[in-house]
Amino acid sequence: FSILMIAGCTTHLTAQNDMYKNTVSIGIGANAFGLVSKDLGANATPGEVKYKFGEFSRTPTFQLSFDRSIVKWFSAGAALSYNRAQYTYDGLEYKGQKFGTAALTAGRTTIGCRLFLHYFNAGKWDFYSGGRLGLGIWTGRLSLDVEDGLQQELLAEINENLTIIVTGK
């Protein structure tokens, strides 16, 4: 599992040294949504929300980045990434009212600055390590064909129930 996680965390190729001052990269990798891959069985949550089955789906993280070599051993840049997760509930019922299927979607976009230290930099091989600091923008949506007031009430109940499942509190 560890080898798969390391291999799946990022899949992109870059080479940056004195010959290539600017590098544009497109990457795809694993994210924290992968840790929440549990499908929920019937009536898995307490409270007034009932459903027959809840299915979890997610996208990998997609990233676009730009880096500029400042000196042979140091580079700086920026990155933009996106991923999404969705729970789909079948046979959803709330306070005795039946809704059929509903989807709760969460998306995350991050914008960040990257700093890297390069070492063993020879020819087309470039070993580096560093970090990224930035802003994460979260979005959420409940797809359900009901009036807004009931939708907000239902969303609050689902959020409370999912918090209980994830945190155990």
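Count residues from 1 along the sequence.
Remark: F116 CZ to T23 OG1 distance equals 10.5 Å, nearest 0.5 Å. Distance OG/S25 to CG/L64: 8.5 Å, rounded to 0.5 Å. Distance check, rounded to the nearest 0.5 Å: CZ of R84 to OG1 of T105 gives 6.0 Å. Separation of atoms NZ (K72) and NE2 (H118) is listed at 11.0 Å; rounding is to 0.5 Å. With values rounded to the nearest 0.5 angstrom, L104 atom CG is found 10.0 Å from R141 atom CZ. Rounding to the nearest 0.5 angstrom, the gap separating the CZ atom in R58 from the OH atom in Y87 is 10.0 Å.
Residues I70 and W73 share a hydrophobic cluster, clusters being chains of Ile/Leu/Val/Met/Phe/Trp/Tyr side chains in contact below 4.5 Å. A continuous path of Ile, Leu, Val, Met, Phe, Trp and Tyr side chains, each step under 4.5 Å between heavy atoms, connects L115 with V71, placing both in one hydrophobic cluster.
For Y119, the side-chain contact (heavy atoms from CB on, under 4.5 Å) partners two or more places apart in sequence, or in a different chain, are F127, S129. Evaluation of the side-chain contact (heavy atoms from CB on, under 4.5 Å) rule for F62 yields I28, T59, P60 as partners, not counting sequence neighbours. Among residues two or more places apart in sequence or in another chain, the side-chain hydrogen bond (donor to acceptor under 3.5 Å, both in side chains) test is passed with T110 by S81, R132. Remark: T109 engages no residue in a side-chain hydrogen bond (donor to acceptor under 3.5 Å, both in side chains) (not counting sequence neighbours). Partners of A103 by side-chain contact (heavy atoms from CB on, under 4.5 Å), not counting sequence neighbours, listed by chain and number: Q86, T88, S143.
Cluster partners of L133: none. The rule joins Ile, Leu, Val, Met, Phe, Trp and Tyr whenever side-chain heavy atoms lie under 4.5 Å apart, and it links nothing here.
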